[in-house]
Q: 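First, the structure itself, so that you have it in front of you.
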Amino acid sequence: MFNKRIKIRELLATEPAGQEVTVMGWVRTFRNNQFIALNDGSTNNNLQVVLELGKFPEETLKRITTSASLKITGTIVPSLGKGQKMDLNAATLEVLGDSDAEKYPLQPKKHSLEFLREIAHLRFRTNTFGSVFRVRHSLAFAIHQFFNEKGFVYMHTPIITASDAEGAGEMFRVTTLPIDGTAPKNEDGSINFKEDFFGRSTNLTVSGQLEGELGATAFGEIYTFGPTFRAENSNTTRHLAEFWMIEPEMAFYDLEDNMNLAEEFIRYIIKYAMEHNREDLEFLSQRLAEEEKALPQDKRSEMGLIEKLEFVLNNNFERLTYTDAIEILRESNHNKKKKFQYPVTGWGMDLQSEHERFLVEKHFKKPVILYNYPAAIKAFYMRQNDGCAPGQQTVAAMDILAPGIGEIVGGSQREERQENLENRMKEIGIPVEELWWYLDTRRFGTVPHAGFGLGFERMVQFVTGMTNIRDVIAFPRTPGSAEF
Ligand code: ATP
Ligand code: MN
């Protein structure tokens, strides 16, 4: 058996009392032919391994280079040096894998995030990405735990779909037809997808919601957690072409129940990370503070990362209607001084990210839930509110906006009344026949129900303080970029 090691995170939590241990990991630094800082990915804290002078042959010492992998057995003793509580006095040392220090691109110095993106396959070996991806893991785990504790059923919705029902974004096409111009054609010259693999035109999914609703109207409460694809040709710090989304869908929920669940959910997973990743979050908090030193005073966050997360745990989100938000924006000095790039034209306008950020960061200074949006700017399946003034039809939609990120959640109560739903579909030209299976939920025992989608990477951004979404997913897919 090879794997008789203790992980460094676990080891560092013990008292140094002469215990014999085996550790394995990668060299971060090696100085004076005597002190190895060893990292095994379980924590950013390295284990200091001490080599007695003269004990190991010169050839072995030469092979202890940055990122070489080692197996070391020895005794744990209290450290004589500052900065760590224990040392491992090495008795045996085996080099598992050499690393050519001349060619290894990560030097023990600060690298820019842009540079690290170009070597995304190695960036996990830095402290920043070590912390980010351990936090990402914890959030994913907490998400399953949260829904599991509540009795939600985890549902796997398809990745390949035939519907573009939602119109949530531009889609990636899935086909096995030749792309060299020889694909079978219809009489009008368009491609004949009847000849394609599925006998129809298919795409990568932009959302699992419609299928999720089918689950909710049988199990009561379900959630999905899977990859989602949008061919958005926008190069922003919060859009990916491939991202992960969590979509709970609940029968017997109205809009308020939906907001309550979303708030409880977000707090739960943040709390989990605070409890399980304290060190990583402290590291990231410091990293962010460092990074912000380069910014002018008014561009810096008012709160540190940990402080911000604690604030979210201890304060309710601000809830206000779209209509009230428009009033606040219209009356703001920011607007009067014409500082918005997109002027606030009034009720009915779609909010731009600068407007959302103004509300969250300048006006309320905390997460905000906006609800009851104009029907015209929201999806067809959202529940039409009763008793709206003429020309001011709203739907029971809600978006959660987070400081520094903008929209992290989009959700709604769904339109459960078949007639209303079909009328709306016809109004905006969505073929009712194609979605016959979706409409069956309204035909056979329809119920009030609601749900939302949380963009996982945006949540990871929020918790880690990383400003670019490319730095919270292992191998980002963005326009013009799919290396690794
Ligand atoms: P945005 O206006 O920011 O593009 P959206 O309105 O298109 O968002 P929804 O369709 O409501 O978003 O999707 C639900 C959630 O999925 C969003 O709140 C967001 O957290 C996340 N999301 C949407 N598009 C992307 C993307 N391209 N990359 C990463 N996350 C995304
Ligand atoms: Mn979008």
Side-chain angles (χ1 to χ4, degrees), residues 136 139-140 143 157 161 163-172 203-210 212 223-249 255 258-259 262-263 265-266 269 317 322 342 349-357 359-360 367-371 373-374 376-382 395-414 450-464 466-482:
R136 181 179 166 116
L139 291 171
I143 286 165
T157 50
T161 60
S163 62
D164 168 28
E166 208 191 337
E170 288 299 307
M171 296 191 293
F172 289 100
N203 308 282
L204 294 178
T205 185
V206 292
S207 155
Q209 181 205 314
L210 300 189
Y223 71 106
T224 73
F225 187 171
T228 311
F229 308 87
R230 296 186 186 180
E232 349 216 21
N233 212 348
S234 52
N235 254 309
T236 76
T237 54
R238 49 197 203 101
H239 286 94
L240 291 163
E242 176 181 306
F243 63 100
W244 289 67
M245 187 144 65
I246 298 99
E247 295 183 277
E249 205 55 51
L255 186 68
N258 201 21
M259 295 195 250
E263 252 197 83
F265 170 56
I266 289 172
I269 63 177
F317 297 1
Y322 165 91
Y342 295 88
M349 67 178 280
D350 207 352
L351 297 180
Q352 299 294 326
S353 111
E354 57 169 343
H355 304 130
E356 298 179 344
R357 295 188 69 150
L359 289 169
V360 171
V368 170
I369 310 185
L370 288 185
Y371 64 96
Y373 281 80
I377 57 170
K378 286 290 179 185
F380 77 92
Y381 49 72
M382 297 186 177
V395 287
M398 62 114 178
D399 281 2
I400 303 186
L401 316 175
I405 316 278
E407 182 185 329
I408 55 170
V409 163
S412 68
Q413 184 173 343
R414 316 308 187 191
F452 62 84
L454 170 82
F456 186 50
E457 283 75 19
R458 292 199 190 164
M459 190 66 211
V460 181
Q461 274 190 281
F462 184 71
V463 176
T464 60
M466 300 302 283
T467 45
N468 195 316
I469 200 165
R470 292 164 181 79
D471 296 329
V472 298
I473 188 164
F475 302 111
R477 299 289 180 254
T478 52
S481 160

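Because only heavy atoms are used, hydrogens play no part in the values below, and waters and symmetry mates are left out as well, while side chains stay in. As the structure lists them, so they are numbered: ligands from 1, and atoms in each ligand from 1.
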Q: Consider ligand 1: state whether an atom of it lies below 4.0 angstrom from any non-hydrogen atom of E457.
A: no
Q: Compute the shortest N/O to N/O distance between M245 and ligand 1 and return yes if it is under 3.5 Å, no if not.
A: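 M245 vs ligand 1: no N/O contact under 3.5 Å.
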Q: Does a salt bridge link R458 with E407, judged by any charged N lying under 4.0 Å from a carboxylate O?
A: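 Salt bridge between R458 and E407, a charged N being under 4.0 Å from a carboxylate O: no.
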Q: Using side-chain hydrogen bond (donor to acceptor under 3.5 Å, both in side chains) as the criterion, list what pairs up with Y322, not counting sequence neighbours.
A: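 With sequence neighbours excluded, Y322 shows a side-chain hydrogen bond (donor to acceptor under 3.5 Å, both in side chains) to no residue whatsoever.
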Q: Is it true that a side-chain atom of R414 and a backbone atom of G451 form a donor plus acceptor pair closer than 3.5 Å?
A: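 Flag set: sc R414 to bb G451 pair under 3.5 Å.
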Q: Could you state the interatomic distance from CZ (F452) to CD1 (I408), rounded to the nearest 0.5 Å?
A: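 One gets 9.5 Å once the value is rounded to the nearest 0.5 Å.
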Q: May I ask which of W244, F456, F243, F462 has a heavy atom nearer to atom 30 (N) of ligand 1 than the others do?
A: F243
Q: Show the atoms of ligand 1 that are less than 4.0 angstrom away from any heavy atom in E232.
A: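 Ligand 1 atoms under the 4.0 Å threshold to E232: 24 (N), 25 (C), 26 (C), 27 (N).
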Q: Check whether E247 reaches the backbone of G212 with its side chain - one donor and one acceptor, N or O, closer than 3.5 Å.
A: no
Q: What atoms of ligand 1 come closer than 4.0 angstrom to any heavy atom of G453?
A: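 Within the 4.0 Å cut-off of G453, ligand 1 contributes 14 (C), 15 (C).
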Q: Kindly identify the option in E407, R477, R458 whose heavy atom sits closest to atom 12 (O) of ligand 1.
A: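 The residue whose heavy atom sits nearest atom 12 (O) of ligand 1 is E407.
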Q: Can you name the atoms of ligand 1, numbered from 1 with element, that are less than 4.0 Å from a heavy atom of V409?
A: 18 (O)
Q: Can you list the ligand 1 atoms lying under 4.0 Å from a non-hydrogen atom of G410?
A: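 Checking each atom against G410, I get 11 (O), 18 (O).
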Q: Is it true that a side-chain atom of E457 and a backbone atom of W244 form a donor plus acceptor pair closer than 3.5 Å?
A: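 Answer holds: yes.
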Q: Going from CZ on F456 to OG1 on T228, what distance comes out if it is rounded to the nearest 0.5 angstrom?
A: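 Between atom CZ of F456 and atom OG1 of T228 there are 12.0 Å.
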Q: For R238 and ligand 1, answer yes if some heavy atom of the residue is under 4.0 Å from a ligand atom, otherwise no.
A: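 Yes, R238 has heavy atoms under 4.0 Å from ligand 1.
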Q: Show me which atoms of ligand 1 lie under 4.0 Å from any heavy atom of I469.
A: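 Counting from 1, the qualifying ligand atoms are 29 (C).
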Q: At less than 4.0 angstrom from any non-hydrogen atom of G455, what atoms of ligand 1 do you find?
A: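 Answer, ordered by atom number: 15 (C), 16 (O), 20 (O), 21 (C).
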Q: Starting at CD1 of I269, measure out to CG of L139 and round the result to the nearest 0.5 Å.
A: 5.5 Å
